Engineer: 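Pasting a structure here, questions to come.
Heads up: numbering here begins at 1 and tracks the sequence. Fair warning: this is a prediction, and the values are worked out from it, not measured in the lab.
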Amino acid sequence: MTNRIDSRMRRAALALAGAGVVAGLAVPVLAQGNGLAMLGTLAKGEWTIRQRGGAPDRKICVRSGAELIQLMHRESGCSQFVVEDGAARVTVQYTCPGNGYGRTSIRRETPALVQLESQGIESRTPFQLTAEARRTGTC
């Protein structure tokens, strides 16, 4: 009787461990998708970024929506990892060799209005940005 209970417990433990490994592998695969389809639904043109906290407004030209991801790291050559890729929200973590890293979340309210949150390190200095970005014209 004891051998049968021990055998069942071993099988249950192995099944749980196997499920944990499978679940652990599934999350990174899902997170690494690079679709970011929501960004493609944003209106193209000039966008004004209004930071909370009194920083001056900034204007950028949005062609694909991806321009909103690396507001503090404008250089190319940064690697990106998609954390969340939803219909109304995307989150991307990125690393720029020699210049730091960041994590940006973009929440779409309308095709011409998004909420931005970004934080990280740029030129060895920490930053945290909370802003609203709105399409304001053509570029």
Engineer: Between CG of L71 and CD1 of I60, what distance do you get to the nearest 0.5 Å?
Structural biologist: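 The CG atom of L71 sits 5.5 Å away from the CD1 atom of I60.
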Engineer: Would a 4.5 Å heavy-atom cut-off, applied to side chains only, mark E117 and R107 as touching?
Structural biologist: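 Counting from C-beta outward, E117 and R107 never come under 4.5 Å.
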Engineer: Taking the side chain as every heavy atom from C-beta outward, state whether R134 and T48 have any atom pair closer than 4.5 Å.
Structural biologist: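 No. Closest side-chain heavy atoms not under 4.5 Å.
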Engineer: Restricting to non-hydrogen atoms, name the atom on L113 and the atom on Q115 that form the minimum distance, rounded to 0.1 Å.
Structural biologist: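 So the minimum-distance heavy-atom pair works out to CD1-NE2, 4.4 Å.
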Engineer: Report all side-chain donor-acceptor pairs from residues 119-127 shorter than 3.5 Å, counting only partners two or more places apart or in another chain.
Structural biologist:
| unit_1 | atom_1 | unit_2 | atom_2 | d |
| --- | --- | --- | --- | --- |
| S123 | OG | N99 | OD1 | 3.1 |
| T125 | OG1 | S123 | O | 3.3 |

Engineer: When you compare the side chain of E67 with that of C61, does any pair of heavy atoms fall below 4.5 Å?
Structural biologist: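 Heavy-atom side-chain distance check fails, nothing below 4.5 Å.
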Engineer: Evaluate the side-chain proximity of T104 to L68: yes if any heavy-atom separation is below 4.5 Å, no if none is.
Structural biologist: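 No. Closest side-chain heavy atoms not under 4.5 Å.
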Engineer: Treat each ILVMFWY residue as a node, draw an edge where side-chain heavy atoms are under 4.5 Å apart, and state whether V62 and L129 are in one component.
Structural biologist: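 In one cluster with V62: L129, yes.
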Engineer: Are T136 and K59 packed together at the side-chain level, in the sense that at least one heavy-atom pair is separated by less than 4.5 angstrom?
Structural biologist: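 Contact flag for T136/K59 side chains = yes.
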Engineer: Counting heavy atoms not belonging to R58, are there more than 12 under 6.0 Å from its CZ?
Structural biologist: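 Check passes, neighbour count above 12.
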Engineer: Sequence neighbours left out, what passes side chain to side chain contact (heavy atoms under 4.5 Å, CB included) with R50? Give chain and number order.
Structural biologist: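 Listed in chain order: D57.
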Engineer: Tell me which one of T91, L116, I106 satisfies side-chain contact (heavy atoms from CB on, under 4.5 Å) with I69.
Structural biologist: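 Filter result, single survivor: I106.
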Engineer: Identify the heavy atoms of Q80 and Q70 that sit nearest to each other, and give their distance.
Structural biologist: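 Where Q80 meets Q70 most closely, the heavy atoms are NE2-OE1, 2.8 Å.
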Engineer: Of all heavy-atom pairs between C96 and H73, which one has the smallest distance, and what is that distance?
Structural biologist: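 Shortest heavy-atom contact: SG-CB, 3.6 Å.
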Engineer: Over all heavy atoms of both residues, which pair between R103 and V83 is shortest? Give the atoms and the distance, please.
Structural biologist: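 Closest heavy-atom pair between R103 and V83: NH2-CG1, 3.4 Å.
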Engineer: Do T130 and Q51 make a side-chain contact, defined as non-hydrogen atoms from C-beta onward lying under 4.5 Å apart?
Structural biologist: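 Result no, sub-4.5 Å side-chain heavy-atom pair not found.
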Engineer: Mark yes or no for whether D85, through its side chain, and V90, through its backbone, hold a donor-acceptor pair below 3.5 Å.
Structural biologist: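 Looks like no, no N/O pair under 3.5 Å.
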Engineer: With the threshold set at 4.0 Å, does a side-chain nitrogen-carboxylate oxygen contact exist between E46 and R135?
Structural biologist: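 The answer is no: the pair does not qualify as a salt bridge.
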Engineer: Any chance you could measure C78, atom SG, to Q93, atom CD, to the nearest 0.5 Å?
Structural biologist: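 Spacing of SG (C78) from CD (Q93) equals 12.5 Å.
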Engineer: Answer whether the closest heavy-atom distance between the side chains of V114 and W47 falls below 4.5 Å.
Structural biologist: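 SC-SC contact between V114 and W47 confirmed.
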Engineer: Would you say Y101 ends up clustered with V92 if hydrophobic residues are merged whenever their side chains have heavy atoms under 4.5 Å apart, either directly or through other cluster members?
Structural biologist: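 No; tracing contacts between hydrophobic side chains, which count when under 4.5 Å, never links both residues.
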Engineer: Can you find a heavy atom in the side chain of T41 that is under 4.5 Å from one in the side chain of P111?
Structural biologist: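 The answer is no, as the side chains (C-beta and beyond) never meet within the 4.5 Å cut-off.
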Engineer: Please find the pair of heavy atoms, one from G77 and one from P97, that lie closest to each other, and give the distance.
Structural biologist: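 Shortest heavy-atom separation between G77 and P97 comes out as O-CD, 3.7 Å.
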